[in-house]
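Accompanying notes for the structure given below.
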Amino acid sequence: MAASMARTCRYISRHGKYILPRRLRPRLAFSRASSVTHNGLLLSLNRRGILKDSFPEDAAQDQLPRLLQSGCQTVYCGFDPTADSLHVGNLLAIVGLLHFRSAGHHVLAVLGGATAQIGDPSGKTSERERLSAETTAKNTQSIRESIQRIFTNHELNFHDSSKELGTVSVLNNLTWYKNQNVVDFLSEAGRHFRMGTMLSRHSVQSRLKSADGMSLTEFTYQVFQAYDFYHLNQIYGCKIQLGGTDQLGNLMSGHEFIHRVSGEEVYGLTIPLVTSTAGDKLGKTAGNAVWLNREKTSPFELYQFFLRQPDVNVEWYLKLFTFLPLAEVDKVMEQQREDPGKRLAHKRLAAEVTKLVHGKEGLESAKRCTDALYHSNVQALEQMSDEELQELFREAPFHELLVEPGTTVLDTCRKVNAIPEGPKGYRMVTEGAVWINHSRTDKPEQVLIPRLHILSNALTLLRVGKRNFYIIKWLGL
């Protein structure tokens, strides 16, 4: 199934905002008297808190519900590959696409292989460092694989098989720009943009007032973003764009461009930005990114991130990031209130998100690492792979040693430079500073014993003091 998913998969990003007259400000108000009550998808997404605003402003009340009821639609969201992985701040946009796909609609995830080289100025105080074409291509491929993995995990672990899924395509906007002639592009597309509107955008205004100003490259970003929506509308019949609240300006820009060129009516929906308890946006720019690629944030680390969320966030995150029915969320929260010490809601949240991002195997890995680290579970330690141990102890040195007859605790510690030479290192062992596989070891001359000091997976976890870990892989067993 994963292979078939990959074959159906083919990825952009939308950012920026206008300073709007009050009459044009978007809203997302679901009146029970309106036809939206008959559209389960929009109502459900609104109740979960996933939808925030719509554009045009009356779309949520009338036009968009009728469009979704008229048949299968195509929805897209974009992601600029400015790093080699997406992060938790991007996850909600993917979850939004998954909800639309589960309702039978087709979804497009658009990677900005072209726009990443231009750089989105929204929310930035200075221009992004230019990415080379080679770096952008590598980032794009890495993110493509990550998105495909998440869609596959959702289909395998969360989708109701009795309902038909829409298709998913991961595209790269470089494919429709790489052969564009710049003069033709400006002549055909540029004439539909007005300088006054472009200059009024908040992201432009804030940068023009800064000491460094704004480059022409960044200024044109909004043109490319709007053209992306137009291209997808023409080729894929896409009429709905999903993006973060900081992308509202680009949703509007695309809407105006399409309306001027073709007269088509298209719509934008925004999702809330996920913030930390301090109110900071989660992402690499804020310096608090929790990544979706295992190489940067392990399943264990992702699991712990959600497990450690403050109580005030848990119900909100269960609605946003999981596919649990709202009635089940209420039940989980009731269980949490009855016995807060068990932290059942936190554990359910962490498990659901980890399974979505890394699959069942990733969740099992996260639980093994949790048991091994926090519950001193030797059996869990024994079941861990080399990769899991290195993920769990990312800063720990990894050594491969040949098993030799008569190797002692002291020999082992010295071979991996865990203790100093001479009497001081010897005393550290005798004084109880050394732990092997979660057991204190105070006999320097103790010969290593299989299953006690060397686990059945040929690994040894050595700790000196409270935080100095060493991973040893034994060869020749």
Side-chain angles (χ1 to χ4, degrees), residues 85 288-291 293-308 350 354 358 361-404 406-477:
S85 172
N288 57 0
V290 176
W291 304 96
N293 281 14
R294 183 170 188 154
E295 294 74 20
K296 303 187 73 148
T297 298
S298 70
F300 164 76
E301 291 167 322
L302 181 70
Y303 182 88
Q304 290 297 320
F305 171 77
F306 283 97
L307 187 65
R308 294 172 179 172
T354 305
H358 294 294
E361 297 79 6
L363 175 57
E364 290 169 1
S365 172
K367 288 182 175 179
R368 274 196 300 273
C369 291
T370 299
D371 286 343
L373 182 62
Y374 295 119
H375 305 141
S376 299
N377 189 322
V378 176
Q379 183 179 6
L381 196 62
E382 205 161 25
Q383 294 171 348
M384 293 175 67
S385 64
D386 299 6
E387 180 185 31
E388 288 174 336
L389 263 180
Q390 291 179 71
E391 287 175 346
L392 183 58
F393 304 99
R394 285 190 183 273
E395 306 302 320
F398 183 86
H399 297 270
E400 292 185 336
L401 299 180
L402 186 66
V403 175
E404 298 176 348
T407 299
T408 65
V409 169
L410 186 64
D411 295 334
T412 303
C413 291
R414 285 178 171 166
K415 283 181 179 179
V416 299
N417 297 315
I419 60 174
E421 294 288 341
K424 182 178 179 181
Y426 191 92
R427 284 197 307 274
M428 288 177 68
V429 180
T430 60
E431 291 172 359
V434 174
W435 297 69
I436 294 181
N437 300 330
H438 295 314
S439 295
R440 190 188 298 273
T441 304
D442 58 5
K443 295 181 174 58
E445 308 301 337
Q446 169 72 61
V447 175
L448 298 186
I449 302 172
R451 304 286 301 193
L452 177 62
H453 301 114
I454 303 176
L455 301 176
S456 60
N457 54 359
L459 292 171
T460 294
L461 179 64
L462 174 66
R463 173 164 66 89
V464 178
K466 290 184 177 181
R467 300 184 182 276
N468 299 310
F469 290 93
Y470 303 82
I471 303 169
I472 303 168
K473 175 74 172 181
W474 296 97
L475 307 176
L477 288 175

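Not measured: the values here are computed from a predicted model.
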As an exercise, state the distance from [atom1] of [X] to [atom2] of [Y], rounded to the nearest 0.5 Å.
X      : Y      : atom1 : atom2 : result
Gln446 : Thr412 : CD    : OG1   : 10.5 Å
Tyr303 : Ser298 : OH    : OG    : 13.0 Å
Met384 : Asp386 : CE    : CG    : 10.0 Å
Leu461 : Ser376 : CG    : OG    : 10.0 Å
Asn377 : Lys367 : CG    : NZ    : 13.5 Å

Any side-chain heavy atom of [X] sitting closer than 4.5 Å to one from [Y]?
X      : Y      : result
Leu373 : Phe393 : yes
Asp442 : Val409 : no
Leu401 : Val416 : yes

[Y] backbone acceptor or donor facing [X] side chain under 3.5 Å:
X      : Y      : value
Thr408 : Glu445 : no
Asn457 : Leu381 : yes
Glu382 : Leu455 : no
Ser85  : Asn293 : yes
Thr370 : Ala366 : yes
His438 : Ala372 : yes

Report, as yes or no, whether the 6.0 Å neighbourhood of atom CD on Glu395 holds more than 12 heavy atoms from other residues, nucleotides or ligands.
no
Atom pairs and distances, donor-acceptor, side-chain atoms in residues 466-477, under 3.5 Å, two or more places apart:
residue : atom : partner : partner atom : Å
Asn468  : ND2  : Val464  : O            : 3.3
Trp474  : NE1  : Thr460  : OG1          : 2.7

Audit row: Leu363, His358, side chain to side chain contact (heavy atoms under 4.5 Å, CB included) steps and yes/no
CA-CA 7 Å; Leu363 175 57; His358 294 294; over 6 Å; no
Side-chain polar contacts of residues 422-431 - donor-acceptor pairs under 3.5 angstrom, sequence neighbours left out - could you list them?
residue : atom : partner : partner atom : Å
Thr430  : OG1  : Arg427  : O            : 2.9

So, using side-chain contact (heavy atoms from CB on, under 4.5 Å) as the criterion, who are the partners of Glu404 when residues are at least two apart?
Thr407, Lys415
Qualifying residues under side-chain contact (heavy atoms from CB on, under 4.5 Å), relative to Pro450, sequence neighbours excluded
none
I need the full list of salt bridge (charged side-chain N to carboxylate O under 4.0 Å, His left out) pairs touching residues 294-304, with sequence neighbours left out, sorted by first then second residue.
Asp84-Lys296, Arg294-Glu387, Arg294-Glu391, Glu301-Arg394
Minimal non-hydrogen separation, Thr354 against Leu302, with atom names
CA-CD2, 4.1 Å
Would you name the heavy atoms of Pro299 and Gly362 that are closest together and state the gap between them?
CB-O, 3.3 Å
Are Val434 and Leu462 close enough, and set up right, to give a side chain to side chain contact (heavy atoms under 4.5 Å, CB included), and what steps lead you there?
CA-CA 7 Å; Val434 174; Leu462 174 66; 3.6 Å; yes
Holding to side-chain hydrogen bond (donor to acceptor under 3.5 Å, both in side chains), I want the full list of residues that pass it with Arg463, two or more places apart in sequence or in another chain.
none
